[in-house]
Amino acid sequence: MTLPSKEEFSEWFHELIQCAEIMDVRYPVKGLYVWFPFGFKLRQLVYAKLREIMDRDHSEVYFPALIPEQELGKEGEHIRGFEDEVYWITHGGLTPLDVKLALRPTSETAMYPMFKLWIRTHADLPLKVYQIVNTFRYETKHTRPLIRLREITSFKEAHTAHRNYEEAEEQVKKAVGYYKEFYDFLAIPYFIVRRPDWDKFPGAVYTIAFDTIMPDGRTLQIGTVHHLGDNFAKTFEIKYEAVDGNHYYVHQTCYGISERCIASLISIHGDDLGLVLPFEVAPIQIVVIPILYKGKEENVLELCEELVKKLGKFRVVLDKSEERPGAKYYKWELKGVPLRFEIGPREAEKREVVVSFRDERKKFSIAVEEINEGKIERWAEEMRKRLREKAIASMLQKLKFSRNLEEISDIVKSSVVMVHLCKDKSCGEEIEAKGGKLLGWIEEMPEFIEQSYEGSCVVCGRSGKLALTARSY
RNA sequence: GGGGCCGUGGGGUAGCCUGGUAUAUCCUUUCGGCUUUGGGAGCCGGAGACCCGAGUUCAAAUCUCGGCGGCCCCA
């Protein structure tokens, strides 16, 4: 069970999610994968944070997975964006259905007919709901676990309705804030980018996306926030009676995060030995490894048990299995356990433990008496900081700034390229002709970027703003 | 959208070109036993596979066609 080097990212990712028991890729339908118990626990812990953030400002709901054909098709632009990849249910048993049912590719058209019933007056607004569900898309490109799926199993989608455009826009900003908090928590660096008009969500006024850079230099979209204006409200006739007695269309937003957040978590922090996980989301946070010699087991195990008891607040495993210590170290490192304690006869004698952090893999000794919950939490916080700094450093290595159109086709093969670009579609097309995809314009400057926000367009020379082009997943 | 490659125990593979030697190779995994334990121990014994369907043939893991599944490249 040896992992390929992370340099060969594609193989590394594929092997790791299996070796570390995140997902089983052997399910016999293309694009569908099985969550192992360990992977599902990781998912649960990551999504618990997402829920915590969402619950502050939204109510959780559940809408059906099946959408009747006429609802899905109501919004012209929306359906054109999805029609190639919708799964259809055409039969009930052997009987052909009068009304075909779509397996939701996303839930706007499932929710908004109900929003029409729920929203009567301004007092019903704002309406803010979210759900975490599976969605289906008939992907034709090569599918990949957690990244490109035919069944997205963990789509957190939020939908809000407001009195006017400005209030909806306020919500867009809040949503961006929520997602920042979420990815900061996971120590994953990101760009907040406004997608080009020709690449926004079908039916949206505009789309803000979170993109991160994977170890192979390709970008991964890990979150989107859409301002829908009153486009869907007009289609689904979602109106409210205002204080002035008139009826107005609501303005809506929607925003989503899928299990791609876990793909980025694994890929960005992981190393040649396997997973590296932030303490808070690690399914196993601490492993205690006894080093047993014949006749000296008792004292060692006693101290181990004492330590485990002391750490009761955390997710701890005491590994008493028959393997040798070295084999155990590799095993738990593969699983990304952030903190390891080793106790052998020497430690039992002095009431000490040997400590090793997963990210640094250095060892040091500390007295058992000095270990307490506060200390562990401080270590966890330091570890998160190290992970974040390391992630930013390797992200910057794969990011290049260019003011020369000609060199872009070469750079974009291995890196994400920053350029100044105007909003003209022809200039965007010119950039995309160099091999990358135009992700869009930086919406919020990250603190780790030094380039100026404004500059002259790399294509036409008129005034432009900082934009990103890259090969993307 | 276009093109190419591939499917052998749980994982990775040899054998396929040139059909028969085969009880299908080796590594890993797994189970039992002995022994060992401070960074992937060793020995002994056991378990476990030719993707599915059709065809050609006296004979198919091996050749042909179809299906399903996987991987890669180009747009």
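Here is how names work: the chains are called A, B, and so on, in the same order as the sequence lines, proteins then strands, and each is numbered from 1.
The gap from the C1' atom of B:C5 to that of B:C43 amounts to 42 Å, rounded to the nearest Å. Comparing the P positions of B:G20 and B:A61 gives a spacing of 10 Å, expressed to the nearest Å. Between B:G66 and B:G9, the distance separating the two P atoms is 24 Å to the nearest Å. For the P atoms, the distance linking B:U29 with B:C65 amounts to 40 Å, nearest Å. For the C1' atoms, the distance linking B:A60 with B:G15 amounts to 14 Å, nearest Å. Going from the P atom of B:A47 to that of B:A24 covers 12 Å, rounded to whole Å. Going from the C1' atom of B:A59 to that of B:U21 covers 14 Å, rounded to whole Å. Here the separation of B:U30 from B:C51, taken at their P atoms, is 25 Å to the nearest Å.
The side chain of A:T140 lies closest to B:G1 when the candidates are B:G1, B:U37, B:G11. Across B:G69, B:G38, B:A75, the shortest atom-to-atom separation from the side chain of A:K30 is found for B:G69. Taking the side chain of A:P325 as heavy atoms from C-beta on, and the options B:U36, B:G10, B:G38, the nearest nucleotide is B:G38.
Residue A:D319 forms a salt bridge (Lys or Arg N to Asp or Glu O under 4.0 Å) with just one option from A:K331, A:R340, A:K335, and that option is A:K331.
In a base pair of the Watson-Crick type (N1 to N3 plus N6-O4 or O6-N4) or a G-U wobble (N1-O2 and O6-N3), with each distance short of 3.5 Å, B:G48 is matched with no nucleotide. B:U56 makes up no base pair with any nucleotide shown, lacking Watson-Crick or G-U wobble contacts both under 3.5 Å. With both pairing distances under 3.5 Å, B:C16 is matched to nothing as a Watson-Crick or G-U wobble pair. The base-pairing partner of B:G1, taking Watson-Crick or G-U wobble contacts with both distances under 3.5 Å, is B:C74. Pairing for B:A24 is absent, with no Watson-Crick or G-U wobble pair whose two atom distances lie under 3.5 Å. With a 3.5 Å ceiling on both atom-pair distances, the Watson-Crick or G-U wobble partner of B:G42 is B:C34. Under the Watson-Crick or G-U wobble criterion, with both distances below 3.5 Å, B:C68 is paired with B:G7.
One can place NE2 of A:H14 at 9 Å from P of B:G70, the figure rounded to the nearest angstrom. Atom-to-atom, CG of A:D216 to P of B:C72 comes out at 11 Å; the value is rounded to the nearest Å. B:G11 atom P lies 17 Å from atom CG of A:L334, rounded to whole Å. In this entry the distance linking NZ of A:K141 with P of B:A75 reads 12 Å, nearest Å. As a whole-Å value, the separation of A:E429 CD from B:A75 C1' is 16 Å. Separating the NZ atom of A:K363 from the C1' atom of B:G39 is a distance of 6 Å, rounded to the nearest angstrom. With rounding to whole Å, A:Y329 atom OH is found 10 Å from B:G40 atom P. The distance between atom OH of A:Y293 and atom C1' of B:A41, rounded to the nearest whole Å, is 13 Å.
In terms of modelled atom types and a separation under 3.5 Å, the side chain of A:T95 and the main chain of A:H91 share no donor-acceptor contact. Checking side-chain atoms of A:E75 against main-chain N and O of A:E77 turns up a donor-acceptor pair under 3.5 Å. With hydrogens and angles disregarded, a donor-acceptor distance shorter than 3.5 Å links the side chain of A:Y183 to the backbone of A:I222.
B:G40 has its base stacked against the ring of A:Y330, the centroids being under 5.5 angstrom apart at an interplanar angle below 30°.
Interface remark: the A:E333 side chain does not form any donor-acceptor pair with the B:G40 base, using a distance-only criterion of under 3.5 Å. Between the side chain of A:K331 and the base of B:G39, no donor-acceptor pair of N or O atoms lies under 3.5 Å. You won't find any donor-acceptor pair under 3.5 Å spanning the side chain of A:E15 and the base of B:G12, going by distance alone. The base of B:G39 sits within donor-acceptor range of the side chain of A:R340, with an N or O pair under 3.5 Å.
Both A:V25 and A:R346 sit near RNA chain B, but only A:R346 has its closest nucleotide nearer the 5' end. Comparing A:P145 and A:R26, the nucleotide of RNA chain B nearest to each residue sits closer to the 5' end for A:R26.
A:E347 comes within 4.0 angstrom of a base, heavy atoms only. Residue-level contact check: A:G31 touches the backbone only, with heavy atoms under 4.0 Å from sugar-phosphate atoms and none from bases.
Between A:K398 and A:D216 no salt bridge is recorded (no basic side-chain N to carboxylate O distance below 4.0 Å).
A:K294 has a side-chain polar atom (N or O) that falls below the 4.0 Å cut-off from OP1 or OP2 of B:U36. Note on A:R324: every side-chain N or O is 4.0 Å or more away from OP1 and OP2 of B:G40. At B:C72, one or more side-chain N or O atoms of A:S10 fall inside 4.0 Å of OP1 or OP2 (strictly under the cut-off).
Between A:H226 and A:F201, the two ring planes are parallel [angle under 30°; tilted spans 30° to 60°].
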What do the steps show when you test A:R148 against A:E139 for salt bridge (charged side-chain N to carboxylate O under 4.0 Å, His left out), and what is the final call?
CA-CA 7 Å; A:R148 177 166 281 112; A:E139 294 286 354; 3.5 Å; yes

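Judged purely by distance below 3.5 Å, without hydrogens or angles, the side chains of A:R403 and A:Q451 never pair a donor atom with an acceptor atom.
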